[in-house]
Amino acid sequence: MAIDGARFLRDLHRLREFGAAGVGKGVVRPAYSDADIAARAWLAERMREAGLTPHFDPVGNLFGLADGPSLLLGSHSDSQPEGGWLDGALGVVAALEVARASARPVSVVSFQDEEGRFGVTTGSAIWSGALPLDKADDLTDHTGLSLAEARGRMAHLAGDFVDPGRFGGFLEMHIEQGPALDMSDDRIGVVSDIVGIRDMNITFTGQQNHAGTTPMALRRDAFQALSLFNMRLADRLRNVVTPQTVWTIGHVALHPNASSIVPGRATFSMQWRDGDADRLSRMEEIVRETAAEIAGEAGMELAFGPMLGIEPVAMDGDLRAALESAAEQVAPGRWRRMPSGALHDAANLARCMPVAMLFVPSIGGISHAFEEDTDEGDLVAGLDVLARAVDGLP
């Protein structure tokens, strides 16, 4: 397969220009933003030039379709609110380059809202059947905008949903987003499995009051309830989790969020990840029990938002073997089999087809930040592995 590494890198740098921001190679390209929609329009033209048929579905997922049955490659092109130039974009542009060069039919996809502005890997969750569209439309971002309103910005581009049955499997190339490859000097990671995730919002509602005249003993301070919950949860999870288990409170909204007012409401995100489905369920029990206990002690009303998530997923053996064989050809002795602690669209697609993934190193293990980067030699090496794996499949 005659891949063109220089063309691949030029396309990556051109895609970064849509939403370029901050220091280094930073990108601000959230799902359904002007930059995101413009980037998808540019990608659609690159797909057309490659001989593929561009197709937007009702939620903004962009496919470049080969004629007839094909292998599907890709990732996503939306970014975190402050993201880097490679997260997701790498997999889309690598897929495009393989589609240009491969003798086998290869289709390309850029899924919408992988980064979870409205949910968890929203576009691929809807497309794969994991999340009904009518339920997804009610999801809102942190400003209160609904998915239904946001995807209306792309309604003029939208066609029908593409049938997953036309694809024989899915391969996704991605940066590691962690330090393992960079610290070990390995060049390629072949993913063994993807962790499961649970994600929901929790709200404590107490009593808004004057910050100067309300005695501490009489306060029903929602932020103090959140603080106590955070500390107690860590203690309760201690004997349940493993060193690989993680949980995060990453977004907090206080009301009315003023320095001289005791906050009457705290709404916060609660997310946890693990490779074991039973452990994820046990953690959910502890999260809910602890929140209820705190609410009772502090005189708070308690509300839980909808539970979002994906089960842990093992990679397909045949596709993984093709990646491993290609990795040994490109980087003999400098690749490893490894789990993914980050969530990816491949986890949703495993519901309807075989999937596999490969990683390239993240410098310093940094991702979801403007400083995110990978040596360009490693980017091209990953592209080479992907192309060889596609060539090597029966």
Which pairs pass ring pair (Phe, Tyr, Trp, His ring centres under 6.0 Å) with one or both residues in residues 223-242, sequence neighbours excluded?
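Of all non-adjacent pairs touching residues 223-242, those that pass ring pair (Phe, Tyr, Trp, His ring centres under 6.0 Å) are Phe229-Phe268.
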Can [Y] be reached from [X] by stepping across I, L, V, M, F, W or Y side chains whose heavy atoms are under 4.5 Å apart?
{"X": "Leu90", "Y": "Val106", "value": "yes"}
{"X": "Ile363", "Y": "Ile188", "value": "no"}
{"X": "Ile197", "Y": "Val287", "value": "no"}
{"X": "Val246", "Y": "Ile202", "value": "no"}
{"X": "Trp42", "Y": "Val27", "value": "yes"}

Is the backbone of [Y] close enough, under 3.5 Å, to the side chain of [X] for a donor and an acceptor to pair up by distance?
{"X": "Glu97", "Y": "Ile3", "answer": "no"}
{"X": "Ser77", "Y": "Ser110", "answer": "no"}
{"X": "His76", "Y": "His344", "answer": "no"}
{"X": "Ser260", "Y": "Ala211", "answer": "no"}
{"X": "Ser269", "Y": "Gly250", "answer": "yes"}
{"X": "Asp182", "Y": "Gly364", "answer": "yes"}
{"X": "Thr290", "Y": "Ile286", "answer": "yes"}

Would you check if [X] and [Y] make a side-chain contact, meaning some heavy-atom pair closer than 4.5 Å?
{"X": "Ile294", "Y": "Met300", "value": "no"}
{"X": "Arg29", "Y": "Asp78", "value": "no"}
{"X": "Leu43", "Y": "Val108", "value": "no"}
{"X": "Arg166", "Y": "Leu65", "value": "yes"}
{"X": "Trp272", "Y": "Glu284", "value": "yes"}
{"X": "Thr53", "Y": "Phe63", "value": "no"}
{"X": "Ile194", "Y": "Met315", "value": "yes"}
{"X": "Arg7", "Y": "Arg100", "value": "yes"}

Are any of the side-chain nitrogens in [X] or [Y] under 4.0 Å away from the carboxylate oxygens of its partner?
{"X": "Arg232", "Y": "Glu293", "answer": "yes"}
{"X": "Asp36", "Y": "Arg153", "answer": "no"}
{"X": "Asp11", "Y": "Arg14", "answer": "no"}

Separation between [atom1] of [X] and [atom2] of [Y], rounded to the nearest 0.5 Å:
{"X": "Asp318", "Y": "Leu393", "atom1": "CG", "atom2": "CG", "result": "8.5 Å"}
{"X": "Thr245", "Y": "Leu237", "atom1": "OG1", "atom2": "CG", "result": "8.5 Å"}
{"X": "Phe204", "Y": "Leu302", "atom1": "CZ", "atom2": "CG", "result": "6.0 Å"}
{"X": "Asn348", "Y": "Met353", "atom1": "CG", "atom2": "CE", "result": "11.0 Å"}
{"X": "Met283", "Y": "Glu285", "atom1": "CE", "atom2": "CD", "result": "11.5 Å"}
{"X": "Ile126", "Y": "Gln112", "atom1": "CD1", "atom2": "CD", "result": "9.5 Å"}

Let me see the working for Asp391 and Arg388 under salt bridge (Lys or Arg N to Asp or Glu O under 4.0 Å), right down to the final yes or no.
CA-CA 5 Å; Asp391 254 359; Arg388 288 170 184 260; over 6 Å; no
For residues [X] and [Y], report the shortest heavy-atom separation together with the two atoms involved.
{"X": "Arg40", "Y": "Leu62", "result": "O-CD2, 3.3 Å"}
{"X": "Val360", "Y": "Leu181", "result": "C-CD1, 3.8 Å"}
{"X": "Ile175", "Y": "Ser367", "result": "CD1-OG, 3.8 Å"}
{"X": "Pro361", "Y": "Asp378", "result": "CG-OD2, 3.8 Å"}
{"X": "Val93", "Y": "Phe8", "result": "CG1-O, 3.6 Å"}
{"X": "Ser128", "Y": "Cys352", "result": "CB-SG, 4.2 Å"}

In a check of side-chain contact (heavy atoms from CB on, under 4.5 Å) between Met357 and each of Arg320, Met173, Glu172, which one passes?
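Testing Met357 for a side-chain contact (heavy atoms from CB on, under 4.5 Å) against Arg320, Met173, Glu172 leaves exactly one candidate, Glu172.
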Start with the C-alpha distance between Phe170 and Asp316, add both sets of side-chain angles, then the distance that settles side-chain contact (heavy atoms from CB on, under 4.5 Å), and finish with yes or no.
CA-CA 10 Å; Phe170 177 66; Asp316 175 75; over 6 Å; no
Can Arg117 be said to sit on top of Tyr32's aromatic six-ring, NZ or CZ under 6.0 Å from centre and within 45° of the ring axis?
no
Test side-chain contact (heavy atoms from CB on, under 4.5 Å) applied to Leu323 and Leu171, step by step
CA-CA 9 Å; Leu323 290 172; Leu171 290 172; 4.1 Å; yes
N/O donor to acceptor pairs below 3.5 angstrom from side-chain atoms of residues 305-314, sequence neighbours left out:
from, atom 1, to, atom 2, distance (Å)
Glu311, OE1, Arg198, NH2, 3.4
Glu311, OE2, Arg198, NH1, 3.4
Glu311, OE2, Arg198, NH2, 2.6

Within a reach of under 6.0 Å around CG of Asp160, are more than 12 heavy atoms found that belong to other residues, nucleotides or ligands?
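Counting other residues, nucleotides and ligands, CG of Asp160 stays at 12 neighbours or fewer.
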Heavy atoms of other groups near Asp163 CG, more than 12 under 6.0 Å:
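Counting other residues, nucleotides and ligands, CG of Asp163 exceeds 12 neighbours.
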Without hydrogens or angle criteria, can the side chains of His174 and Asp87 be said to hold a donor-acceptor pair below 3.5 Å?
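The criterion, which ignores hydrogens and geometry beyond distance, is satisfied for Asp87 and His174.
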Paired with Asp186, the salt bridge (charged side-chain N to carboxylate O under 4.0 Å, His left out) test is passed by just one of Arg337, Arg334, Arg336, namely Arg336
What residues, two or more places apart in sequence or in another chain, satisfy side chain to side chain contact (heavy atoms under 4.5 Å, CB included) together with Asp276?
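Residues passing side chain to side chain contact (heavy atoms under 4.5 Å, CB included) with Asp276: Asp274, Asp278, Arg279.
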Begin from the C-alpha positions of His13 and Glu376 and carry the test side-chain hydrogen bond (donor to acceptor under 3.5 Å, both in side chains) through to its verdict.
CA-CA 11 Å; His13 284 285; Glu376 292 192 352; 2.7 Å; yes
Candidate pair Arg288 and Met200, rule side-chain contact (heavy atoms from CB on, under 4.5 Å), full reasoning:
CA-CA 11 Å; Arg288 292 182 183 274; Met200 67 176 173; 3.8 Å; yes
Under the side-chain contact (heavy atoms from CB on, under 4.5 Å) rule, what do Met216 and Arg219 come out as? Steps first, then yes or no, please.
CA-CA 5 Å; Met216 299 301 294; Arg219 294 186 180 202; 3.5 Å; yes
Classify the angle between the aromatic ring planes of Phe111 and Trp127 as parallel (below 30°), tilted (30 to 60°) or perpendicular (above 60°).
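Because their plane-to-plane angle lies in the 30° to 60° range, the rings of Phe111 and Trp127 count as tilted.
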